[in-house]
Each structure stands twice: as structure tokens, then as C-alpha cells.
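Right, I'll just put the structure down here and ask away after.
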Number of protein chains: 2
Amino acid sequence: MSDHAGQGTQSLSRAFATLNAVAAGKSDLASIGKETGTTRSTTHRLVAFLQREGFIRHVEGRGYLLGTRLIELGAAALTQMPLTVVARPILEKLSDETSDTIHLSVRDGDHVIYVDKISGRRGLEMRSRVGLRKPIAVTGTGKAQMLDLGEDEWARLYSLAQTEALGDDRPPPGFLTWSDYLSSMRDFSLSGYTLEIEENEAGIGCVAAPIRDAQGKIIAGLSVASTQPYISRARLIELAPIVQESAAAISRGMGYVR
Amino acid sequence: MSDHAGQGTQSLSRAFATLNAVAAGKSDLASIGKETGTTRSTTHRLVAFLQREGFIRHVEGRGYLLGTRLIELGAAALTQMPLTVVARPILEKLSDETSDTIHLSVRDGDHVIYVDKISGRRGLEMRSRVGLRKPIAVTGTGKAQMLDLGEDEWARLYSLAQTEALGDDRPPPGFLTWSDYLSSMRDFSLSGYTLEIEENEAGIGCVAAPIRDAQGKIIAGLSVASTQPYISRARLIELAPIVQESAAAISRGMGYVR
DNA sequence: CGACGATATTCCACATTATGGGACCTTATC
DNA sequence: GATAAGGTCCCATAATGTGGAATATCGTCG
């Protein structure tokens with residue numbers, strides 16, 4: 001894959017390319033090597049090393065897979081994010097009050113990554129998952145984190161999400177035109193919450209609000225999401241104040257005042 | 001840290017030592033460098049690289065922390081474990097039936113690592129967490145994965161757990177002597193389930209059963225855990241059949257027959 | 001203000017380190 | 001028992017990562 005790396009990091013770049021290849025599903029030395037452009041001996045050395053470190057494991061019949069050390073480090077990364085500690089009790093309260101699915105996400109470049117989730121109690125489980133990445137512009141929590149940005153930046157993130165949606169085998173039914181998107185975002189930035197109805201996945205909608213740190217910067221988004229019968233615009237708007245209040249409570253926990 | 005590495009992996013070893021240092025809480029270049037034994041320039045290059053890859057992020061005022069890419073890869077590692085996919089619905093059913101906390105763990109060396117968890121609905125949240133490692137010999141799910149081992153191996157794992165427990169600031173009240181431990185394990189290997197009452201953490205107990213793959217090898221452990229008023233030996237034994245049946249259902253899903 | 005310490009970042013000559021070609025091993029397939 | 005596919009090991013070579021020192025950045029105290 002890409003090699004836009006810095007100086008003095010050839011072996012590192014290759015090792016991480018190797019890991020990415022495995023993450024992408026390549027499961028034998030030959031295909032990993034083709035992906036990273038390394039010879040068999042080098043590929044082997046890198047894989048063996050990653051294996052020793054627990055980043056990769058070899059499973060009889062299935063080949064190379066991501067290892068348990070990554071599960072461990074992923075969990076550690078989550079707890080090093082003070083946000084998740086502060087937010088947990090508030091997410092649980094919100095879950096009790098709404099019976100719906102609660103999501104907490106942070107921005108990661110032009111995407112959003114879920115850092116916590118509590119499943120709803122209305123049957124149907126959503127496919128979202130802690131660690132999942134989604135384009136920032138088509139998720140409720142992502143849009144909540146766009147509220148302080150300029151319109152040109154909205155445009156960029158919107159078209160990026162559009163590009164990714166085009167690649168989908170089952171494009172979401174609620175995807176908005178740019179002008180509809182823009183006017184809705186203008187409304188949201190006034191009201192301080194965002195809605196997202198089937199822009200990202202069919203049958204799923206949510207209300208979200210931004211979470212701020214001590215400097216007033218938006219650092220995360222909180223949402224209540226649900227499935228088909230419960231995602232009428234009216235019901236979501238009804239939920240907005242409680243989502244906003246929960247987000248504000250987390251913001252206070254992160255040191256935000258006023 | 002340790003340098004028992006293979007050939008031709010100095011820079012890799014150092015990069016991973018760097019990552020481990022950050023995971024261990026070192027948050028500035030100086031202390032990371034001291035931990036890994038690298039000079040400032042080398043430390044800097046490694047950290048910068050890991051940062052570019054999203055394995056590490058720099059947070060104003062808090063220094064270097066584990067990055068979002070690890071959260072993502074951790075989640076991917078979890079889904080590459082077919083076990084978690086197969087087990088999920090069964091865990092949910094068990095959760096509904098018992099109202100208690102459900103744990104699913106796999107063996108990772110001499111430890112066990114939680115790969116899935118559903119919190120109970122009896123208030124009190126346990127401190128366990130997906131990605132957490134515990135000594136194999138003092139967890140219900142760990143002991144379930146020891147059932148097919150020999151008594152000498154039981155002894156080794158027991159004393160290892162003992163060593164780790166000694167280091168604890170608050171040693172668990174239910175820690176057994178070796179002879180008590182051995183006789184209980186002999187019972188468990190006959191009955192096919194295991195109990196663990198406050199051997200690992202005060203106020204917490206569980207029943208667990210082993211999960212097997214197509215070759216009949218034990219590959220995971222499943223437990224129902226609860227807190228104080230619900231962890232009498234009698235109640236846990238009462239739960240054993242349903243835990244065993246759930247574990248068997250997952251085993252069947254993994255290809256185990258008879 | 002200007003000096004200081006703590007922290008991060010860049011540069012470059014040098015030798016230590018990672019590299020890749022090829023040999024070899026093991027297991028499955030015909 | 002010949003062929004193939006996947007994995008492992010060895011070793012001479014030069015390309016790579018290294019560390020020292022120089023530079024930049026920031027905050028704080030006299």
C-alpha cells in the first residue's frame with residue numbers, strides 16, 4: 001500500500017503495511033507479500049515478529065489473523081480516553097430513559113469512530129460497534145462534531161461521504177442533496193443538536209448533540225439511535241432536549257463551563 | 001523492556017517497546033526513551049511514526065496516549081475471531097435468562113482475555129471489560145479452559161496466579177490453598193463446569209463452562225457472573241446446567257459434534 | 001525583558017542493521 | 001514419487017536506522 005512515509009522508517013512502514021494487510025483479510029504469506037511489496041523472506045520475518053508480539057496469530061486452516069494483543073491495546077486505548085470514563089454513567093442513564101441505542105463517538109480525521117455503545121432494548125441489534133469508522137458527514141454524532149466548522153468544510157466532508165456512499169452495494173435511502181444538507185446543517189447549528197434519518201443506513205435514525213472540553217472545543221458526539229417505527233422526525237425532535245442535556249452533563253465532566 | 005527478540009528486528013522491537021511504554025502510561029519522550037533505552041532522536045522518530053499511523057496520539061497537556069487506530073484494530077481483531085460472531089446471540093439469550101453478567105474469554109498464554117461481555121441488570125457494574133487479561137487459574141472461564149490439562153499444568157498455572165495475586169494491593173478473600181484448589185478442580189473436571197467465588201475479586205463469583213471446536217479442543221470459556229447476594233454456592237450450582245447448555249450450543253456452532 | 005530548563009524536532013556521517021536471493025523443509029495433490 | 005504451495009532459515013552485502021549534536025519552541029522565574 002502507501003509509502004508516503006518519513007525518513008528512516010522503511011522496516012517500520014513495512015511492518016505496519018503487513019499488519020494492515022492482515023487486517024484487510026490477507027491470510028497467507030504470499031498474498032501479504034504481494035500487498036506490501038516485500039520478498040518472501042522479509043514478509044516472513046515481519047509476520048514472525050508480529051506474531052511474537054501477539055499482534056497476529058496463526059490459526060490452523062484460516063491462516064494469519066489479527067491477534068489478541070490488539071484486543072488488549074484497543075481496550076487500553078479506550079480507557080486512556082478519559083471521555084469514556086466520564087461518559088459511561090451518563091450513557092447508562094440515557095439508555096434507561098430511552099430504551100434506545102446510545103452511541104458515543106470521537107472525530108478521527110474525516111471520520112468518526114465509535115468509542116462506546118449501549119444497545120437498545122427494542123429487539124433489533126444495530127450493526128454499529130465500538131471501533132467502527134464512519135464518514136463524519138452522514139452520522140448524527142459526526143454532524144454534531146461539525147457544528148462549529150465553516151460551510152466550506154461542511155462541503156468537503158459532505159462530498160467525501162458521498163464518494164464513500166457511492167461505493168456501497170446498498171446505498172442509504174435518506175442521502176440528502178447538497179442544498180438540503182446545507183440548509184439542515186444551518187438549522188442544526190442554531191438549535192445545537194443534529195438529526196440523521198436513513199442517511200447512513202436504511203431503517204436507522206438518530207438525534208445527536210456535541211460534547212465540549214474545557215476550552216469549549218467540540219471533542220465528541222453523543223446520540224440516541226433507533227430503528228424503523230421509532231425514527232419519525234417528530235419523535236427524534238422530542239428526544240433532542242434530553243440528548244442535549246446528557247451531552248452537556250458529559251461536557252461539564254470534561255471541564256466545560258457555561 | 002525485554003529484548004529477547006529474533007534476528008533483524010531491532011527497529012521493530014524498539015517501535016513496539018515504544019508502544020508498550022505508552023500503553024504503560026509513559027507520556028513524554030524522555031520517560032518513553034528511558035523505558036525503551038533509546039536516544040532522544042530515535043525515540044522521537046519512532047513516536048512520530050507511530051503517531052502518523054494513528055497508534056499514538058498527542059493530547060495537549062496529557063502527552064502521548066494510545067491512538068484511535070488501536071481501537072479500530074482491536075475491534076477488527078474481535079470480529080476476526082469467528083467465535084464472537086457465533087457466540088453473540090447465545091450470550092444475549094443467556095443474559096436475558098439470568099439477568100447476570102455474561103463473560104466470554106479465550107486463553108492467551110497463561111492468561112485469559114475477555115472477548116465479549118454483557119453487563120448484568122442487577123445494578124452494580126463489574127470492572128471487567130473486553131480486552132482485559134486475568135491469570136487463567138483464578139477466573140471461572142479460565143478454569144473451564146484448564147479442564148483438559150494435566151495436574152502438573154494446573155499446579156504451574158495456580159502458582160503463577162498466586163504470584164500475581166500477591167502483588168495486589170487488595171488480595172481476593174476467596175483465594176484457595178493448593179490442596180483445596182486441586183480437589184475442587186478434580187470435581188470440576190468430572191462435572192464439566194467450574195465455580196469461582198471471590199478467588200479473583202471480592203464480592204464476585206461465577207459459574208463457567210468450556211467451549212470446544214471441531215477437533216474437540218477447548219477454545220474458550222463462558223460464564224455467568226454476579227455480585228454479593230447472588231453468588232451463594234447453591235445458586236451458582238443451580239445455574240450450571242444452563243451455562244453448560246449455552247456453552248454446548250456455541251461449541252456446536254463452532255463445529256463440535258457429540 | 002532575557003535567561004533558563006524542559007520539551008520537541010531536524011540534520012547528517014557512519015556502521016549496524018535489515019535485506020533478498022536462494023536453499024531447505026513440511027504437507028498436500030495428482 | 002513428482003510437483004506444488006506454504007513456511008522457515010542462512011548469510012554476504014549495502015542500504016538502512018542510528019545517535020550525537022545543533023536548533024526550535026514553549027513556559028516561567030528572577
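Fair warning: this is a prediction, and the values are worked out from it, not measured in the lab. Residue numbers start from 1 in every chain, and the chains themselves are labelled A, B, ... in the order their sequence lines are given, proteins ahead of strands.
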How would you summarise protein contacts on nucleotides 12-29 of chain D per nucleotide, using B for base, S for sugar-phosphate only and - for none, with heavy-atom distances below 4.0 Å?
----SSBBB---------
Given Val112(A), which of Lys143(A), Gln145(A), Arg133(A) fulfils the side-chain contact (heavy atoms from CB on, under 4.5 Å) condition?
Gln145(A)
Mind checking side-chain contact (heavy atoms from CB on, under 4.5 Å) for Arg69(B) and listing every partner two or more places apart, or none if nothing turns up?
Asn20(A), Phe55(B), Glu72(B), Leu73(B)
Does a side chain donor of either Thr18(A) or Thr36(A) reach within less than 3.5 Å of an acceptor in the other side chain?
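No - no donor-acceptor pair under 3.5 Å links their side chains.
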State plainly whether the residues Lys217(B) and Asp148(B) are in salt-bridge range, i.e. N to O under 4.0 Å.
no
Are the side chains of Leu182(B) and Trp154(B) in touch, meaning some heavy atoms are under 4.5 Å apart?
yes
Using a 4.0 Å cut-off to any heavy atom of chain B, which nucleotides of DNA chain C are the first and last in contact, reading 5' to 3'?
dA8(C) to dA18(C)
Going by an N to O cut-off under 4.0 Å, is there a salt bridge joining Glu164(A) and Lys134(A)?
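So Glu164(A) does not pair with Lys134(A) through a salt bridge.
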Sub-3.5 Å donor-acceptor pair from the side chain of Ser27(B) to the main-chain atoms of Gly63(B), do we have one?
no
